[in-house]
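Numbered from 1 within each chain, the chains take letters A, B, ... in sequence-line order.
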Amino acid sequence: MQANYSPKDIESAAQQQWDSQQAFLAQENSEKPKYYCLSMFPYPSGKLHMGHVRNYTIGDVLSRYHRMQGYNVLQPMGWDAFGLPAENAAMANNVPPAAWTYSNIEYMKQQLKSLGLGVDWSREVTTCKPDYYRWEQWLFNRLFKKGVIYKKTSTVNWDPVDNTVLANEQVIDGRGWRSGAQVEKREIPMYFFRITQYADELLQDLDTLPGWPEQVKTMQANWIGKSYGVRFAFPYELDGKQDKLWVYTTRADTIMGVTFVAVAAEHPLATYAAQKNPALAAFVEECKHGGVAEADIATMEKKGMPTDISVTHPLTGEQVPVWVGNYVLMSYGEGAVMAVPAHDERDFGFAKKYGLPIKQVIERSTAAPSTDDASIEERVFDPTKWKIWYEWKSNTIVRTVNSGKYDGLYFDQAVDAIAADLAAKGLGEKKTQFRLRDWGISRQRYWGCPIPIIHCPTCGDVPVPDEQLPVKLPENVVPDGAGSPLAKMPEFYECTCPQCGGKARRETDTMDTFVESSWYYARYASPQCDTGMVDKAAAQKWLPVDQYIGGIEHAILHLLYARFFHKLMRDEGLVTGNEPFKNLLTQGMVVAPTFYRDLPAGKKLWINPAEVEVEIDAKARPIGAKLIADGKPVVIGGTEKMSKSKNNGVDPQAIIDAYGADTARLFMMFAAPPDQQLEWSDAGVEGSYRFLRRVWNLSAELANHDLKKAISGKLAESDQALRREIYLALKQANFDFSRFQFNTVVSATMKILNSLEKAKASADHAVLGEGLSILLRLLSPITPHIAQTLWKELGYGDDILATTWPEVDESALEQDEIELMIQVNGKLRGSLRVAKDADKAAIEQLALAHEVVQKQLAGAPAKKVIVVPGRLVNIVA
RNA sequence: GCCGGGAUGGCGGAAUCGGUAGACGCGCUGGACUCAAAAUCCAGUGUUCGAAAGGAUGUGGGGGUUCGAGUCCCCCUCCCGGCACCA
């Protein structure tokens, strides 16, 4: 074999071997259990970034590991190919989004292949191709006819200069990113998926997903936000007409404390009041400025203005003033909220600011309810959610006060009594409500899947008949940033009505790109199927996805939409089962240090870490940094997610070219556990490369010996010790593989190599050979090229993927004596060697007799002795 | 603002059920090899007092439970992800 480790040679050779064997084609007819391992598909932005490398390495490690465990593995790959960046690139370079996207795919596919991923490329899916989105349009029509998709108006960011709708990302400090114009809210008609119809199921089925991280399930549950409350009305009279102002509250026990009502700027009452009040009209106008992103609305200054309208409190009959508040959103709930300044932080701030009355109606209960009270749980408030006058404690129990006939009631009693009275008056009822809103999917953009609807002046919105699908998106178009180009293309939108044959107009909006990524996992089961969205038998075979891997940033939207789509497809009879992803692994971000120099006007020049040299003191603490090119200092910024804007990205291709894919993969797996943030380190990459070189060198040294010889006879003590070290590490590695903690798997392989190197001159070759075979198999999912090459070179076999996973030889782990730690008062004072089966009394006696203990006790008797078998003895002096 | 997560040596991280804090790697220091350097190998490396033996101290901050807390409970600070049109 070659004396030196040469990743370029061995990696291309191994990849050619896998290609020629078609090693990673998933088997449609196999006795083995299936394992569908899916990584979130990439958006073809140009070239791979480190986040991709991390994601796909994790997926490949799991795929190869399961393959060696005897599974029939499906690991597919594809392209989430519609999206906004293609339109931006098109405008910048005057290239159609399609051409840009396809050339990116071609390049990135080569990059993925050079990583040595065990992907079944025969199942590649590209969402911008008609053979894919055709089925999305087909499903759209079925759901439209069913009423699961409907049309209503919704609020968007409007750029009044470019005359275009802006994505939230394109709104910077309330202004359009290209025009710089102040953004306005605008109501436009859109198509919606009725996801709220599935809210309860989406919530409840989270309990059927033990393989999902708790934090993701919690986030989804909170996002869906089921609440139990009361919907009730404030009656009022306007121009002699009786009407009701409806609101919803989860704190009906505080209704007696309402001192005003706030409505959204777009609320009919606000519109009415503004007609006669120019100041209010100006305020309503002002509320329309700014974007629609919730984070902006929630953090902006709370402002309001009174109307001259007042409504009647449904229980007290008192008059309550109506205010317009910029923080009340028309699209949430009723577009109006009751305000209880005494018991709500936001209302409190608002009341203080505008001098509105504050009326306390609950207080902390002084007498705790008896413990046998069955409903005590419901009366215990979560202090993080309910704040009482800002002075609250954990598990505060509150009772109503100052509330007339409702005085002295606990939360649930007060809600019951108040809801009953409201119901009796026809002014309210108990109601569960969801925070989740219906999913608006219309986008006024070009590079997306066309919505298959035809607008007919006589027949209304008519779905495009199935036989006319797909509605193809013209591909040779360059958008100009001023609205959708499709709306300017008569050859696209001019059509005839499928129902009456009259002149009609085709819908020019496209779908949210989240729609494509909501069902691609199902398409992989039968990617070429041209008779349906999925082939039912194939879907039955491969679904659900056994392991899904992707960034934590997708914890809510993408994962919720995909779960929703699975249920939609189930209800269409396309798939079985209720959930698409059995197990979920959410991967952390790849981050790197940042460096910059200050420029005039508060701007910064970001400098790539590769061009910077960090200076350290004698204890290796960083004390400064300078640009290598000019030797002058640069400022050390924070450690942040790799990005173009901070110029702290490292190109994976450069790493693969310099060290090989195995080194890149090894570093990715070793530097952090998969769900944690990973900090890039050039020195860490060097270390990974060094380790692989040591593996190669040791293999080369031992290559001439018979490493496959069976272990026989009584082993020398040193050989027994070596086997024990190896099997301890294997045991650890197996456990860590099972819990996806790959960094400690790598650490275990390093321990094995260290042990083998130390013992190589004196150890039995059979023991060394056994250890090396374990090492290579443990490494093969992570660094497949070197593992495969050495496996063959050392004569273990032709194909490491076809071997069995190493098992722990428990007999190699046994020892006669074990070491126990001795603590005095919980502090480590010494250690003790005892027989492995020594009983507690014997251990206690030995420990008490130990000189360290004698010294600590200084003649006094021990108060207490705690023996933890196999671990320690703690003596309480 | 709301929801979720995180904080351990100079750095990345380990510690599986409340039981030896710092595995493994990087970096650094010293040594071997070399004309020299690189590479490689060997040794050391939380902080602090000490010549050493040994002691004290130490897991973002404050409090608590326990024989014993990085781990459990309460409060706080800072950082990161998401917030419905980035993907």
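RNA chain B is contacted by both A/L828 and A/D438; A/L828 maps to the nucleotide lying nearer its 5′ end (nearest heavy atom per residue). If A/F514 and A/R739 are placed on RNA chain B by their nearest nucleotide, the residue sitting closer to the 5' end is A/R739.
Residue A/F735 and nucleotide B/U16 are classified as a stacked aromatic pair, their ring centres being separated by less than 5.5 Å at an interplanar angle below 30°.
Between the P atom of B/C11 and the CH2 atom of A/W680 lies a distance of 20 Å, rounded to the nearest Å. Regarding A/L560, its CG atom lies at a distance of 14 Å from the C1' atom of B/C3, rounded to whole Å. Look at OH on A/Y689: it is 15 Å from P on B/C26, rounded to the nearest Å. In this entry the distance linking CG of A/L753 with P of B/A23 reads 18 Å, nearest Å. At whole-Å resolution of the value, CD in A/Q587 and P in B/A87 are 19 Å apart.
Using a 4.0 Å heavy-atom distance criterion, A/V165 is classed as a base contact. When heavy atoms are screened at a 4.0 angstrom cut-off, A/P673 is found touching the sugar-phosphate backbone but no base atom. A/Q741 comes within 4.0 angstrom of sugar-phosphate atoms only, judged by non-hydrogen atoms across all strands, and of no base. Counting non-hydrogen atoms under 4.0 angstrom, A/Q215 reaches the backbone sugars and phosphates but no base. Within the 4.0 angstrom heavy-atom criterion, base atoms lie near A/Q823. Nucleic acid contact class of A/M589 (heavy atoms, under 4.0 Å, all strands): sugar-phosphate only. Across all strands shown, A/V156 has heavy atoms under 4.0 Å from base atoms, whether or not it also approaches the sugar-phosphate. Among the protein residues, A/A293 comes within range of the sugar-phosphate backbone only, with heavy atoms under 4.0 Å from sugar or phosphate atoms but none that close to a base. Within 4.0 Å (heavy atoms only), A/R435 reaches at least one base atom of the nucleic acid. Base engagement by A/H554 is indicated by at least one non-hydrogen atom pair under 4.0 Å involving a base atom. Heavy atoms of A/N697 sit nowhere under 4.0 angstrom from any nucleic acid atom. Residue-level contact check: A/Q677 touches the backbone only, with heavy atoms under 4.0 Å from sugar-phosphate atoms and none from bases. Using a 4.0 Å heavy-atom criterion, one finds that A/T749 contacts no nucleic acid atom at all.
Environment of CG in A/N825: crowded, with over 12 heavy atoms of neighbouring residues, nucleotides or ligands closer than 6.0 Å. At most 12 non-hydrogen atoms from other residues, nucleotides or ligands lie less than 6.0 angstrom from NZ of A/K855. Few gaps surround NZ on A/K152; more than 12 heavy atoms of other groups in view lie less than 6.0 Å from it. The 12-atom threshold is exceeded at CD of A/E817, counting heavy atoms of other residues, nucleotides or ligands nearer than 6.0 Å.
Contacts between residues 870-877 of chain A and RNA chain B, defined by a heavy-atom separation under 4.0 Å, are made by A/R871, A/L872, A/N874, A/V876.
Judged as a side chain to side chain contact (heavy atoms under 4.5 Å, CB included), and not counting sequence neighbours, the contacts of A/S39 are A/N55, A/Y56, A/I549.
Residue A/Q444 places a side-chain atom within donor-acceptor reach of the base of B/C85, judged by atom type and a 3.5 Å distance cut-off alone.
Aromatic ring orientation, A/Y689 versus A/Y5: tilted (interplanar angle from 30° to 60°). Aromatic ring pairs are classed by plane angle as parallel below 30°, tilted from 30° to 60° and perpendicular above 60°; the pair A/Y520 and A/Y548 is tilted.
Pair assignment for B/A51: none, as no Watson-Crick or G-U wobble contacts are both less than 3.5 Å. As the counterpart of B/C28, B/G44 is assigned, both hydrogen-bonding distances of the Watson-Crick or G-U wobble pattern falling under 3.5 Å. Base pairing of B/C72 is made with B/G64, judged by Watson-Crick or G-U wobble geometry with both donor-acceptor distances under 3.5 Å.
Of the N and O atoms on the side chains of A/S755 and A/E725, at least one donor lies less than 3.5 Å from an acceptor on the other residue. If you check the side chains of A/D159 and A/T164, you find no donor sitting under 3.5 Å from an acceptor.
Regarding the sugar-base torsion, B/G9 falls in the syn class, its angle being within 90° of 0.
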